[in-house]
Every structure is written in C-alpha cells, then in structure tokens.
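Structure record follows, encoded as structure tokens.
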Amino acid sequence: MAAAQNGIKEPVVDMLNVSIRYGSDPEVLSDIKLSLDKGSFHFLTGKSGAGKTSLLSMMYLALKPSRGTVTVFGTNIGFASRDTMALMRRRIGVVFQDFRLLEHLSAYDNVAVPLRVRGMKEGEIDKRVKELLRWVELENSMNKICSTLSGGEKQRIAIARAVINQPEILLADEPTGNVDDDIAQKLMKLFIELNRLGTTVVIATHSQELIGRYNYPRIHLENKSLRVFPALRSVLHEK
Ligand SMILES: Nc1ncnc2c1ncn2[C@@H]1O[C@H](COP(=O)(O)OP(=O)(O)O)[C@@H](O)[C@H]1O
Ligand SMILES: [Mg+2]
C-alpha cells in the first residue's frame, strides 16, 4: 500500500521462497520465486504433474504455500482473513481445468453469476452476457442447461464467466484443451483484449501451437522449480 502511494509499482502476484507439498508427500514445488507485474501476460507450461494447477491455485487463493510467502494485490495470503480473501477473489477470474460450472443452471445464468454477485441491473447483465456468448459462439445454446452441453461448450461458458467481470487477474488452466483451433484462436483474442484493458493474464497450456503463435513470456515448471523464458521476439530484438 505504502509503495503504491509512493508511486512504486507493486507486482500483482509475488511469490518468495514458496514450496508446496500435499500431506507427507515430497514437495511438488520448491523455493519458487515469481513476480507478476500488473498488465503482464504469461503462458504457464510444464509436463502433466509439474505443478501448474498448484501454482495457479495459490494465485486464486485456494491453496496456501507450505513454506514461503504468496502476496496477491499486496496482501500476504498466509495471513488474510476469509472475508478479505472472498473480496480478493472477486477481482480474479478463473477458468478451471474441470470448468466447475453450476451444472443445473443454463449457460446464460452461469455467465451472469459474477455480475449478479456485484448487484448489476438485469438489463445491463442481459446485454453483456448475450454479447459475450455470441463471441464464444454459444448464442444458440444460452438457454440450455449446462449438464446437457459438450466439454467444448462448457469450456467456453467457463471462459465467458471468468472474463465477464473484466477481472484484474485472469487465470486459465488449459482453457483451449477441448475446443477446435479456430475457436481456440478466438478465445485467445478475448484474453489478449482483456490484457489490453489492463488484466494480468496467466494461461496454463500444453499447446505448442498457442505458445508458438503468440509472443508472450513463458513460466516453465520442471523438477519442482520455475524458470521464466522471455518472449521470443524480444530476445531476437524484432520489431
Ligand atoms: N489435492 C492434492 N492432493 C495430493 N496431491 C496432489 C493434489 N493436487 C495435486 N497433487 C499432486 O501434485 C503434483 C502436481 O499436480 P498439479 O499441480 O495438478 O500439476 P499439473 O497441473 O502441472 O498437472 C502431482 O504429482 C499431483 O499428483
Ligand atoms: Mg493441471
């Protein structure tokens, strides 16, 4: 807070000496250091089991580190109260690997949830939800109950729900794993547009296609540690 008042840029997410272990298993991540500037865009890579979901879970406040400190929006999540964390979560959009939609509700109602929580008027909600569902090519399925939809459709609903609030942080765990290439590109456009408006974005992906096509730095997890590779074009000094 004090740093922000002094005009010093604070990272949106800051991890220092962070380790994660589940129960008495060996550590999944050890002594991680990571700082995400406001408005940055990163891919998150690493083999299955490398710890991508664990790392994202700390960023969306669902998992506290076994050791070290994780600071989000300037608050140490190790000491934050439940109420504080609930308020912080409203500022974070998450696309879960397993979607976590409200299966008994329609596509429309799932996407409307973050706006209703904020108390937005239904007229405004209607406009925004329909516009976004049109973008993810679900305008014809918006009244269908989620449990009846395909994996690819659910993934697009999960993405629409995560971005509709224009969150300060967007975390997406394999967000294009279930959709065709043309839709994947459209979804990337959505993330890029959100980032252009100021959202800090982290996208976990296995897709070499996605990583190769878009010039963003990459957080790579391997052997319990983390490396950040800069965007390729900045390495090559391309314009
Ligand atoms: N809730 C959990 N309980 C026990 N082990 C877990 C749990 N979540 C993840 N793990 C283990 O931690 C490791 C990293 O998992 P995860 O973060 O899901 O990796 P990734 O997303 O890269 O596939 C794996 O070995 C996984 O089995
Ligand atoms: Mg995962």
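As a basis for the values below, the full set of heavy atoms in this structure was taken, side chains included, without hydrogen atoms, waters or symmetry mates. Since the structure is predicted, the reported quantities are computational estimates derived from the model, not experimental observations. Atoms within a ligand are numbered from 1 in the order they appear, just like the ligands themselves.
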Item to complete: Within a distance under 4.0 Å of any heavy atom of Val28, pick out the atoms of ligand 1 and give their elements.
Response: 12 (O), 13 (C), 14 (C)
Worksheet item: Is it the case that Tyr22 and Ser66 place a side-chain donor and acceptor less than 3.5 Å from each other?
Response: no
Worksheet item: Is the number of heavy atoms from other residues, nucleotides or ligands under 6.0 Å of Glu139 CD greater than 12?
Response: yes
Fill in: Shortest protein heavy-atom distance from atom 25 (O) of ligand 1, along with the residue and atom involved
Gly49 O, 4.1 Å
Discussion item. Would you say atom 20 (P) of ligand 1 makes contact with the protein, given that contact here means a non-hydrogen protein atom less than 4.0 Å away?
Written reply: yes
Practice prompt. Using a cut-off of strictly less than 2.8 Å, determine whether Gln97 has an N/O/S atom near the Mg ion (ligand 2).
Written response: yes
Worksheet item: Quick one: are Glu27 and Arg67 in side-chain contact, heavy atoms under 4.5 Å?
Response: yes
Item to complete: Evaluate the 4.0 Å heavy atom contact test for atom 14 (C) of ligand 1: does a protein atom fall under the cut-off?
Response: yes
Item to complete: Taking all heavy atoms of Leu44 and all of Lys52, pick out the closest pair and write down the distance.
Response: CD2-O, 3.7 Å
Item to complete: Please identify which atoms of ligand 1 are closer than 4.0 Å to at least one heavy atom of Lys52.
Response: 17 (O), 19 (O), 20 (P), 21 (O), 22 (O), 23 (O)
Worksheet item: Does the salt bridge (charged side-chain N to carboxylate O under 4.0 Å, His left out) test come out yes or no for Arg128 and Glu131, once each step is laid out?
Response: CA-CA 5 Å; Arg128 292 199 191 191; Glu131 188 190 10; over 6 Å; no
Worksheet entry | Linked, directly or transitively: Phe229 and Phe41 (ILVMFWY side chains, under 4.5 Å) | no
Fill in: Shortest protein contact, atom 9 (C) of ligand 1 (heavy atom only)
Tyr22 CE1, 3.4 Å
Worksheet item: Can you list the atoms of ligand 1 that are under 4.0 Å from a heavy atom of Gly51?
Response: 14 (C), 16 (P), 17 (O), 19 (O), 20 (P), 22 (O)
Worksheet item: When the aromatic ring centroids of Phe191 and Tyr216 are compared, is their separation below 6.0 Å?
Response: no
Worksheet, complete the sentence: Of all protein heavy atoms, the one nearest atom 18 (O) of ligand 1 is Thr53 CB, 3.6 Å
Worksheet item: Short check: any N/O/S atom of Ser54 below 2.8 Å from the Mg ion (ligand 2)?
Response: no
Worksheet item: In terms of side-chain heavy atoms, does Thr69 have a donor or acceptor partner in Asn76 at a distance below 3.5 Å?
Response: no
Worksheet item: How far is atom 17 (O) of ligand 1 from its nearest protein heavy atom, and which residue and atom name does that atom have?
Response: Ser54 OG, 2.6 Å
Practice prompt. Number the atoms of ligand 1 from 1 as they appear, then name those within less than 4.0 Å of a heavy atom of Lys47, with their elements.
Written response: 22 (O)
